[in-house]
Amino acid sequence: MTVPRVRIESLERHVGQRVEIAGWLQHARSSKHVHFLYVRDGSGVVQVVVAASDVPPALFDQAGGLPLETSLVVRGTVRRHPRRDELELGLDELDVVSRPVREYPISPKEHGVDFLMDHRHLWLRSRRQQAILRVRAEIVSAIREYFDSRGFVLVDAPILTPNACEGTSTLFETDYHGQKAYLTQSGQLYAEAAAMAFGRTYCFGPTFRAEKSKTRRHLAEFWMVEPEVAFMDLEGDIALAEDFLTNLVARVLDRRRAELGVLERDVAPLERIRPPFVRLRYEQALEILREAGQPVRFGDDLGGDEETVLSQRFDRPVVVTHYPMSLKAFYFKRDPSDPSRALNMDVLAPEGYGEVIGGGQREDDLAALEAAIEAHRLPRAAFEWYLDLRRYGSVPHAGFGLGVERTVAWICGLHHVRETIPFPRMLHRLAP
RNA sequence: UCCGGGAUAGCUCAGCUGGUAGAGCGGGCGGCUGUUAACCGCCGGGUCGCAGGUUCGAAUCCUGCUCCCGGAGCCA
């Protein structure tokens, strides 16, 4: 007799029926006459009850002697828990698929971060990590849908590049058939080329930074989505960022509320996310920081502490604009009304999370861009192709980059970005 | 690279001013209960990060090294 294979998330449709569940033994409790097995199948966890009075003695003993993370197929009848508002399975048949060869390393008790990261490949099985990665998957899906449904064409940038895109960050160097090559730190310059072909584009992929950063907001390998739009100015860029970010948050609230519940994320601050965001010019941001007791001077960049102070001050994201040109990369367009300022914007997520978006309007004037490359002492030859974009039909254009892991950390309410990516790459971690 | 903290049982940790190691959890065995990170009893389990030094004697004090954690800088 065949029994329908059912995922735990859809058990509600099978109450009273006999079904089959395939999964892993997550936890177990035993007594003389009854075993409680907690079976996880990736869609949820269900309590499987094995009663001595209902099954043959051999099956009862087998069910009580299974180690954690045994993979198994169970069959039985779906019924309501006698005391709790949940479903359970009354087992009548059990197939062990594979029994662990030794004790499962992750016990239901406490573990340190380093131990868990060493066992990241197993840690992913835990309820909390599953919740985080489901939110991440939802955000990635929402990003693609947002741009795909608004006429943006996905044009991915290369990961191996011949030179430093911006000339600022430290890059990972690799050997490319005898030639030096670098792992990309940003797809932006390539996205600009794509924008001149398609008008609205975005690239979405991994990026790499070799700086020896060891903070809760840094990874050596992280994912970034970078929209780039022709005939768009800074104002349009900010409006796009506002609408985009609002959309992402709403999507997670709509579809991943249960996961946010697992993470004990207070959703009230997320429900307040809607345009318009708070706008601050660089000097206004400095003023607020000084009032808050931060010793910042004109010309200072805003570091982690400063971002935290600013983003804790408002209940909506903060957009900081018009930084001094000296702080920004060569490709930013200067503000025509004050050429010492860049037409740039950073979006700081609230609740102390800080920068999740950085972008702005690009320099579209050939002579100005040539001068900027020279002023930054960048190798001109490597940028000839980029200069071509200004030689042939240059137009005002703008874009930004959103860091996926920081966004996931913020929306999930996490303290550290390392849990927001399946297998983090950090200063002291290349494995598993 | 800088500042701070750390490395003791499978895991999380205790071990004060030197006298050759303990607890909880996990595991094994037994008991008990429609159990909820269940509970009770018993059991095994350690080159105290590495290398030197001081001392009758070092997990403990000193020096060097390695590795890790938190933060800074840099940035998404």
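So you know, we letter chains A, B, ... as the sequences are listed, proteins then strands, and number each from 1.
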Quiz item: What integer distance in Å separates A:E103:CD from B:rG27:P?
Solution: 6 Å
Quiz prompt | Protein-nucleotide distance (A:M426, atom CE; B:rC75, atom P), rounded to Å | solution = 21 Å
Quiz item: Has A:H428 got a side-chain N or O lying under 4.0 Å from the OP1 or OP2 atom of B:rC68?
Solution: yes
Exercise. Output yes when at least one side-chain N/O atom of A:R429 is less than 4.0 Å from OP1 or OP2 of B:rC68, else no.
Key: no
Quiz item: Salt bridge or not for A:R217 and A:E355, using N-O below 4.0 Å?
Solution: no
Practice problem: Rounded to whole angstrom, note down the C1' distance from B:rU8 over to B:rG71. | Solution: 26 Å
Quiz prompt | Option from A:K328, A:E363, A:E235, A:K333 for which side-chain contact (heavy atoms from CB on, under 4.5 Å) with A:L343 holds | solution = A:K333
Quiz item: Using purine N1 to pyrimidine N3 plus N6-O4 or O6-N4 for Watson-Crick, or N1-O2 and O6-N3 for G-U wobble, each under 3.5 Å, what pairs with B:rG73?
Solution: none
Quiz item: Looking only at atom P, what distance separates B:rC32 and B:rG19, rounded to whole Å?
Solution: 45 Å
Quiz item: If we take the C1' atom in both B:rU55 and B:rC61, what is their distance in whole Å?
Solution: 10 Å
Quiz item: Measuring from A:L289:CG to A:L310:CG, what's the distance to the nearest 0.5 Å?
Solution: 4.0 Å
Self-check item: Interatomic distance, A:E93 atom CD to A:R18 atom CZ [nearest 0.5 angstrom]
Solution: 5.5 Å
Exercise. Indicate whether OP1 or OP2 belonging to B:rG70 is found under 4.0 Å from a side-chain N or O atom of A:R216.
Key: no
Exercise. Ignoring backbone atoms, establish whether A:K32 has a side-chain N or O less than 4.0 Å from OP1 or OP2 of B:rC32.
Key: yes
Quiz item: For A:Q47, which contact category applies under a 4.0 Å heavy-atom criterion: base, sugar-phosphate, or nothing?
Solution: base
Quiz item: Would A:F36 count as stacked on B:rG34 if the rule is ring centres under 5.5 Å and plane angle under 30°?
Solution: no
Quiz prompt | Integer angstrom distance from the P of B:rC13 to that of B:rA7 | solution = 9 Å
